[in-house]
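Down below is the structure, laid out as structure tokens.
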Amino acid sequence: MQSTIRHIHFIGICGTAMGAVAAALQAQGYRVTGSDASVYPPMSTYLESRGIALAQGYRPENLPAEADLIVVGNAISRGNPELEEVLNRRLYYLSLPETLKEFFLRGRRNLVVTGTHGKTTTTALLTWILEFAGLAPGYMIGGVPKNLEQSARLAPSEHFVIEGDEYDTSFADKRSKFVHYLPELVVVNNIEFDHADIFENLAAIQVTFRRLLNIVPQNGLVLVNADDANSLEVADTSPAPVLKVGFAENADRRITNVSYQAAGSRFTLLDTEFHLSLVGEYNVRNAAMGIVAAQHYGVSLEKIAAALASFDGVKRRQEVRGKVRGVTLIDDFGHHPTAIGLALAGLRHQYPGSRLWAVFEPRSNTTRRAIFQESLPTALAGADAVYLSQIARLEQLPIEQRLDPERIVADLNSKNIPAYYLPDADHIVAHLAPQAQGNDVIVVFSNGDFGGIHQKLLDALAVPVLQVAT
């Protein structure tokens, strides 16, 4: 197929993954063009610097007459003028996961990291271990790893580490993206209900994970969370060998001797002590998956330990955005109750004695819905005080399906945890900043920009608090 393709056009080219793949194909000698509704830096300048012509907006005339392949982004749906033209002209098109499979993953040893939580951190950590060990893996990570120069490297390599997303592939393919990734090794970090816009229930999510494990070869390997019943149930039907990794007594690779300090976590695995600068049980488990996977590919425990000790984490995963007047501001991508609860527990270890403020924007397609109405108060109760904003894209959901932030506030107040419901970032900043004091920690949970709340908080905290004379 590839021998007949010369010109590739991307619809939705400015997405992080789309842009990375487009640039890699251009570097391989293909002519690449693309269009997007939002063409702006830094992705636009990154692509244009590599000789890729970009069109603003979606129009039928954007499609080059000589294009041999159209790559259709996941955000593109029926009704898009360019997509309709592709279908009307019977042009050859692929989704991004299919493009990765055909141009980059076929013939490689692919390590696919999956799960409801921890995918990005585990993928970044495993990639860093292999990089530290000199294996120079290809990789694609759904975040920005601090130890690596970029989120993706698609140059030729024997090994390829990829974050395996269970979200659907494209407008035409409602299977999960990860079924296209030709896995040799699969990590199953955990399985919970999420993505309520495409999955009806937990059982439907387990089905898609079973489909993934069903294509792991018999000489491959599945690493599964020994402490998660949902993951173990899925792995029971795996045709490939399975290793259980975790704290449970029946784990094949058991984590022991765990301790948490402000500077990080220590634990023992495979009769070796490891140190990780990240804090919390979930980060220890993420690290354990990376350790076992790397050892499977021949990396020595000594090198793994050294790599782990030098791992700096991923941006937007408990990332300190600044410290003003003694108040530490942390950005976290968490949007699922389990992830929020675990993050707060980890921060308790990292900042003992500090007052912990949690600020949460219900923004994901699941947390905007009432599905987590009962579990979110329990998760947020790990903080000393809580702020919730109005749910994002409120008008898209009928009122009976929406999460009720005011009810969550009432539930928290009933537990003697101060909680506030305010409509947006500006109102939250105005209310919170004057109350924050030295040694406090504010953690903002959102999978979006949240109205620029991080910088607004830092700016507001920098303003001296006026003392009223008595």
Side-chain angles (χ1 to χ4, degrees), residues 111-115 117-137 139 141 143 145-148 159 161 163 185-190 221-228 231 242-315 317-320 339 342-343 345-352:
L111 292 70
V112 182
V113 179
T114 72
H117 319 293
K119 291 187 293 292
T120 301
T121 298
T122 307
T123 308
L125 191 149
L126 176 53
T127 301
W128 174 240
I129 295 173
L130 299 184
E131 178 77 1
F132 188 92
L135 296 182
Y139 59 87
I141 303 168
K146 296 179 182 178
N147 293 80
L148 301 162
H159 304 89
V161 187
E163 182 172 332
L185 178 144
V186 169
V187 171
V188 183
N189 265 340
N190 39 66
L221 182 64
V222 174
L223 304 182
V224 64
N225 183 346
D227 308 304
D228 182 52
S231 301
V242 174
L243 282 179
K244 299 186 289 291
V245 181
F247 298 91
E249 290 188 10
N250 66 338
D252 301 304
R253 302 291 183 265
R254 190 180 180 200
I255 306 163
T256 59
N257 303 323
V258 181
S259 63
Y260 305 115
Q261 299 86 30
S265 307
R266 290 189 180 276
F267 61 97
T268 299
L269 181 66
L270 299 169
D271 297 319
T272 304
E273 183 179 82
F274 295 94
H275 175 257
L276 180 69
S277 64
L278 309 180
V279 176
E281 175 185 310
Y282 63 110
N283 279 319
V284 168
R285 188 180 284 106
N286 292 341
M289 289 294 193
I291 291 164
V292 176
Q295 190 204 32
H296 178 72
Y297 285 94
V299 182
S300 71
L301 292 172
E302 182 181 10
K303 279 192 175 179
I304 294 173
L308 208 65
S310 64
F311 180 65
D312 295 325
V314 180
K315 290 184 178 181
R317 272 64 177 181
Q318 291 191 28
E319 179 185 14
V320 175
L342 290 171
L347 290 170
R348 288 289 185 198
H349 291 296
Q350 195 166 7
Y351 297 94

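All values below come from the heavy atoms of this structure, side chains included, with hydrogens, waters and symmetry mates left out.
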Where is the tightest heavy-atom contact between [X] and [Y], given as atom of each residue plus distance?
X      : Y      : answer
Ala251 : Ala226 : CB-CB, 3.7 Å
Ser265 : Tyr260 : OG-CD2, 3.3 Å
Gln261 : Val279 : O-CG2, 3.5 Å

Any chance you could measure [X], atom [atom1], to [Y], atom [atom2], to the nearest 0.5 Å?
X      : Y      : atom1 : atom2 : result
Leu243 : Leu221 : CG    : CG    : 5.0 Å
Leu126 : Leu223 : CG    : CG    : 9.0 Å
Asp312 : Leu148 : CG    : CG    : 10.0 Å

Note to self: Please determine whether side chain to side chain contact (heavy atoms under 4.5 Å, CB included) holds for the pair Leu278 and Phe311, giving the CA-CA distance in whole Å, both sets of side-chain angles, and the decisive distance to 0.1 Å.
What the structure shows: CA-CA 9 Å; Leu278 309 180; Phe311 180 65; 3.9 Å; yes
Inset, instruction - State, yes or no, whether a side-chain contact exists between Phe132 and Ser310 at a heavy-atom distance under 4.5 Å. - result: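 Answer yes - side chains close enough.
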(message) In the structure I gave you, are the side-chain heavy atoms of Val314 and Ile141 within less than 4.5 Å of one another anywhere?
(response) no
Can you sort out the partners of His117 under side-chain contact (heavy atoms from CB on, under 4.5 Å), two or more places apart, ordered by chain and number?
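Residues passing side-chain contact (heavy atoms from CB on, under 4.5 Å) with His117: Asn190, Glu192, His336, Thr338, Ala339.
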In short, side chain to side chain donor-acceptor pair (under 3.5 Å) pairs touching residues 242-254 with sequence neighbours left out are none
Across all chains, not counting sequence neighbours, the side-chain hydrogen bond (donor to acceptor under 3.5 Å, both in side chains) partners of Thr120 are Glu163, Arg317
Side-chain donor-acceptor contacts of residues 266-276 below 3.5 Å, not counting sequence neighbours, with atom names and distances?
| residue | atom | partner | partner atom | Å |
| --- | --- | --- | --- | --- |
| Thr268 | OG1 | Asn257 | ND2 | 3.3 |
| Thr272 | OG1 | Leu270 | O | 3.1 |

Taken in chain and number order and not counting sequence neighbours, the residues that satisfy salt bridge (Lys or Arg N to Asp or Glu O under 4.0 Å) with Glu319 are none
Distance-only donor-acceptor hits, side chain of residues 284-308, under 3.5 Å, sequence neighbours excluded:
| residue | atom | partner | partner atom | Å |
| --- | --- | --- | --- | --- |
| Arg285 | NE | Asn225 | OD1 | 3.2 |
| Arg285 | NE | Asp227 | OD2 | 3.3 |
| Arg285 | NH2 | Asp227 | OD2 | 2.8 |
| Arg285 | NH2 | Glu281 | OE2 | 3.4 |
| Asn286 | OD1 | Thr122 | OG1 | 3.2 |
| Asn286 | ND2 | Tyr282 | O | 3.3 |
| Tyr297 | OH | Glu184 | OE2 | 2.6 |
| Ser300 | OG | Lys303 | N | 3.1 |

